[in-house]
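Throughout, a chain's letter reflects where its sequence line sits, starting with A, and its residues are numbered from 1.
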Number of protein chains: 2
Amino acid sequence: MITSRDVAQLAGVSQATVSRAMSSSSRISAATKAKVLAAMETLEYVPHAGAQAMKTQRTNTIGVVVADITNPFYPEVLDELTRELDAAGYRVVIWNAGGGSHHDALRAIQERAVDGVIFTTATEDSAELQAALKKGSPIVLINRRIDGLQCDQVTSDNLSGGAVVADYLIQHGKTRVGFIGGSESASTSRDRGQGFMNRMTEHGYPVPDDLLRQGGFSHEQSFRVMNDFINQANPPQAVFCANDLMAFGALDAVRSNGQAAPDDFWVIGYDDVEIAAWQSFDLTTVRQPSREMARVGAHMLLDRINSPQMSAQHVVFPCELIIRGSARD
Amino acid sequence: MITSRDVAQLAGVSQATVSRAMSSSSRISAATKAKVLAAMETLEYVPHAGAQAMKTQRTNTIGVVVADITNPFYPEVLDELTRELDAAGYRVVIWNAGGGSHHDALRAIQERAVDGVIFTTATEDSAELQAALKKGSPIVLINRRIDGLQCDQVTSDNLSGGAVVADYLIQHGKTRVGFIGGSESASTSRDRGQGFMNRMTEHGYPVPDDLLRQGGFSHEQSFRVMNDFINQANPPQAVFCANDLMAFGALDAVRSNGQAAPDDFWVIGYDDVEIAAWQSFDLTTVRQPSREMARVGAHMLLDRINSPQMSAQHVVFPCELIIRGSARD
DNA sequence: CAACGCGATGTATACGTATACACTCGTCAA
DNA sequence: TTGACGAGTGTATACGTATACATCGCGTTG
């Protein structure tokens with residue numbers, strides 16, 4: 001292994017000078033700097049990340065926790081996060097799925113293996129998270145929300161998003177409608193459902209119990225739920241799903257029953273992932289600005305790393321109904 | 001920051017004993033071990049990753065380079081990789097897209113920031129890669145292939161996969177067929193195209209120049225290419241795309257022209273990503289066992305990390321034509 | 001011309017851990 | 001009874017870097 005000492009020896013300077021040649025801020029003459037850089041080049045020297053981390057207590061690495069990387073929403077967020085953080089000189093380590101993700105990520109902060117963590121999903125059991133925040137761990141929540149937490153959060157206005165869907169359906173005469181949620185423990189799904197159902201109730205058409213089901217945020221489960229809806233005695237006219245992936249499942253259920261949207265059923269999703277706009281889905285959905293949320297979240301985290309005392313911010317983005325072929329007159 | 005010295009003090013032992021209490025292999029009496037672990041618990045001690053890395057020259061972190069995380073093929077591979085490596089006690093850092101990904105990943109090995117790297121994409125300009133391999137860097141190639149490289153590789157038999165498609169089409173009377181490749185520089189796309197076109201030629205129906213185009217591995221570009229095909233004087237009867245994402249683009253082009261597969265055009269993809277089986281696509285495609293490839297690649301890398309001298313292995317998986325609704329009688 | 005200041009560099013040290021080596025003390029065989 | 005032995009623990013050190021402090025030399029100013 002080539003160390004800064006080797007470089008120092010070849011360049012005829014001290015090890016400290018080699019270190020200075022690399023930190024652009026340090027005072028060093030142009031001549032010796034050039035000499036050192038040349039030696040580095042010759043020896044193909046690369047500083048040791050672990051040693052640097054021990055001295056500086058920085059790793060230039062950010063952790064990201066995602067619930068399910070195969071849900072197209074997360075790759076889009078990750079795409080934006082990796083681009084943004086990469087540009088800022090950070091690496092990205094991801095924790096996917098597994099039940100221990102949150103714990104592992106928080107531990108990685110304690111280990112000083114990452115400088116901070118972005119959660120795009122969060123169990124509501126926030127005891128450990130709360131403890132970490134009290135220790136001053138740099139943490140940002142994107143997408144999901146946890147109330148009463150002194151923590152930076154970037155979310156979209158899911159309540160309003162859900163309500164807009166209700167308005168739209170009522171306005172077009174769809175009064176018997178169903179809701180396929182993700183899971184009760186996810187704030188996103190809860191808020192979207194609540195916003196939606198409250199507004200339906202306000203309009204005088206509450207969502208009946210038999211048309212309120214959870215779809216586990218997955219295509220497969222939502223497919224089955226929609227299948228049940230279709231084949232029950234009194235099917236809904238329209239279905240609102242808590243994310244696009246489940247809307248695709250619902251659409252597929254409609255089609256595999258030899259029926260079609262919007263002719264036989266209206267199907268509406270949430271997220272507006274890229275493939276929702278594809279011709280084969282042409283999905284009416286509520287757009288949340290996921291890439292913008294990712295960008296903002298990334299910078300919030302970097303800011304917090306650099307000024308830990310700053311008080312926590314909540315940024316909320318508005319959502320917008322995107323009307324496409326799966327639900328329109 | 002709590003260090004092992006603090007734990008040692010509280011437990012009334014030396015710092016070395018604390019270190020020993022953690023490495024299960026070391027000899028230490030059960031009594032003191034318990035005492036130390038209790039102290040660790042009390043102080044919420046967590047070892048410093050950077051310091052450990054400096055001593056052990058291990059980080060328990062693996063890098064993964066992907067071409068485009070929004071292409072559903074990669075999330076599936078990443079899903080499997082993260083599960084597998086997580087279970088083995090490794091973290092996963094990803095490099096996405098950006099032109100510098102390969103360079104960054106190789107540098108991370110030199111920095112000892114990762115223990116090894118998995119490339120799921122590779123530019124054919126392999127000079128830097130070759131140099132890294134000569135230094136003994138633990139590297140595994142999944143998916144793409146680079147000839148004449150002393151490097152572990154896991155690929156699928158793309159040549160045969162392409163040929164099988166040709167056989168299938170000919171067998172069903174489709175003689176005027178097009179090919180939408182990804183890019184000339186990708187071995188996957190090249191092999192699939194070559195296997196396909198050679199076999200078409202053998203059957204006496206070579207793919208004409210005007211039906212051979214590149215689709216940049218993207219839905220959007222493939223959509224445009226297929227659009228051109230459809231609207232030219234003498235359209236193809238069928239189109240084979242070098243991956244599923246492009247096949248979706250082609251299918252969408254067919255549909256947005258008010259036509260349908262398989263009635264008007266046959267569309268065939270490659271990969272068999274999960275969504276290819278969805279009702280809305282029902283895509284005929286060539287399945288490569290991507291999750292299995294990921295698993296095997298992960299273990300090859302771990303093996304190589306532990307025994308660097310082992311000579312390089314090439315594992316090739318067979319592919320299988322999955323016949324669905326987008327291309328069948 | 002002397003004193004001062006400042007830029008440039010070297011010296012020494014600390015970051016937190018793992019481990020080679022030294023040491024103690026009890027056990028057991030001769 | 002003594003010597004050897006080994007398990008258990010402490011002491012000392014090294015990993016590779018960043019930086020506080022000391023030093024040196026040169027230019028500037030009064």
Side-chain angles (χ1 to χ4, degrees), chain A residues 1-40 43-61 89 107-115 135, chain B residues 1-40 43-61 89 107-115 135:
Chain A
M1 151 151 294
I2 308 293
T3 74
S4 55
R5 285 209 158 72
D6 301 322
V7 176
Q9 189 172 7
L10 177 61
V13 299
S14 74
Q15 179 270 328
T17 299
V18 173
S19 185
R20 278 190 276 256
M22 304 181 62
S23 70
S24 50
S25 61
S26 278
R27 302 166 314 180
I28 187 175
S29 78
T32 53
K33 181 164 186 173
K35 207 166 49 177
V36 171
L37 293 181
M40 285 175 43
L43 298 177
E44 298 183 21
Y45 166 74
V46 173
H48 189 288
Q52 277 183 318
M54 188 163 71
K55 281 303 288 184
T56 62
Q57 302 292 5
R58 286 287 190 97
T59 59
N60 295 320
T61 303
R107 184 182 166 93
I109 296 181
Q110 305 301 316
E111 290 182 0
R112 301 282 195 278
V114 299
D115 294 343
K135 284 187 205 151
Chain B
M1 149 149 297
I2 308 293
T3 72
S4 55
R5 285 209 157 70
D6 300 322
V7 177
Q9 190 171 6
L10 177 62
V13 300
S14 74
Q15 179 270 326
T17 300
V18 174
S19 185
R20 279 190 275 256
M22 304 181 62
S23 70
S24 50
S25 61
S26 276
R27 302 167 312 178
I28 186 173
S29 78
T32 53
K33 180 163 185 173
K35 206 166 50 176
V36 171
L37 293 181
M40 284 175 41
L43 297 178
E44 299 184 20
Y45 166 74
V46 174
H48 190 287
Q52 277 183 318
M54 189 164 72
K55 280 305 290 185
T56 63
Q57 303 293 4
R58 284 287 190 99
T59 59
N60 294 322
T61 303
R107 183 181 168 94
I109 297 180
Q110 305 301 315
E111 290 182 1
R112 300 284 195 276
V114 298
D115 293 344
K135 284 188 204 149

Write down the atom of A:Ala53, the atom of B:Gly50, and the distance for their closest heavy-atom approach.
CB-CA, 4.2 Å
Looking only at D:dT17, C:dT17, D:dG10, the nucleotide nearest the B:Thr17 side chain is D:dG10
Minimum-distance nucleotide (side-chain atoms of A:Lys55 versus C:dT17, C:dA14, C:dG7)
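Side chain of A:Lys55 sits closest to C:dA14.
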Rounded distance (Å) that lies between atom [atom2] of [N] and atom [atom1] of [X]:
X       : N      : atom1 : atom2 : result
A:Arg58 : D:dA18 : CZ    : C1'   : 14 Å
B:Gln57 : C:dT19 : CD    : C1'   : 14 Å
A:Met40 : D:dG16 : CE    : P     : 16 Å
A:His48 : C:dT17 : NE2   : P     : 16 Å
A:Met1  : D:dC15 : CE    : C1'   : 10 Å
B:Gln15 : C:dA20 : CD    : P     : 14 Å
A:Arg27 : C:dC6  : CZ    : P     : 10 Å
A:Lys35 : C:dT9  : NZ    : P     : 7 Å

Exactly one of A:Thr17, A:Leu37, A:Val36 clears side chain to side chain contact (heavy atoms under 4.5 Å, CB included) with A:Val7, and that residue is A:Val36
Assess whether side chain to side chain contact (heavy atoms under 4.5 Å, CB included) is satisfied between A:Arg20 and A:Lys33, documenting all intermediate values.
CA-CA 8 Å; A:Arg20 278 190 276 256; A:Lys33 181 164 186 173; over 6 Å; no
5′-ward residue of the pair B:Gln52/A:Ala16 relative to DNA chain C
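Checking each residue's closest nucleotide, the 5'-ward one belongs to A:Ala16.
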Which residue lies toward the 5' end of DNA chain C, A:Ser14 or B:Thr3, if each is placed at its nearest nucleotide?
A:Ser14
Could you walk me through whether A:Met54 and A:Arg112 pass the side chain to side chain contact (heavy atoms under 4.5 Å, CB included) test, one step at a time?
CA-CA 9 Å; A:Met54 188 163 71; A:Arg112 301 282 195 278; over 6 Å; no
Quick one: is C:dA18 close enough that its OP1 or OP2 comes under 4.0 Å of any side-chain N or O from B:Thr56?
no
Within the structure, does a side-chain N or O atom of B:Thr32 lie under 4.0 Å from either OP1 or OP2 of D:dG8?
no
Would you classify [X] as touching base, sugar-phosphate or nothing, given that sugar-phosphate means primed atoms plus P, OP1 and OP2, and contacts are heavy atoms under 4.0 Å?
X       : answer
A:Ser23 : nothing
A:Ser29 : sugar-phosphate
A:Val18 : nothing
B:Ser19 : base

Is there a donor N/O on one and an acceptor N/O on the other, under 3.5 Å, for the side chain of B:Arg20 and the base of D:dG10?
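Checked by distance alone, the answer is yes.
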Are A:Ile2 and A:Val46 packed together at the side-chain level, in the sense that at least one heavy-atom pair is separated by less than 4.5 angstrom?
no
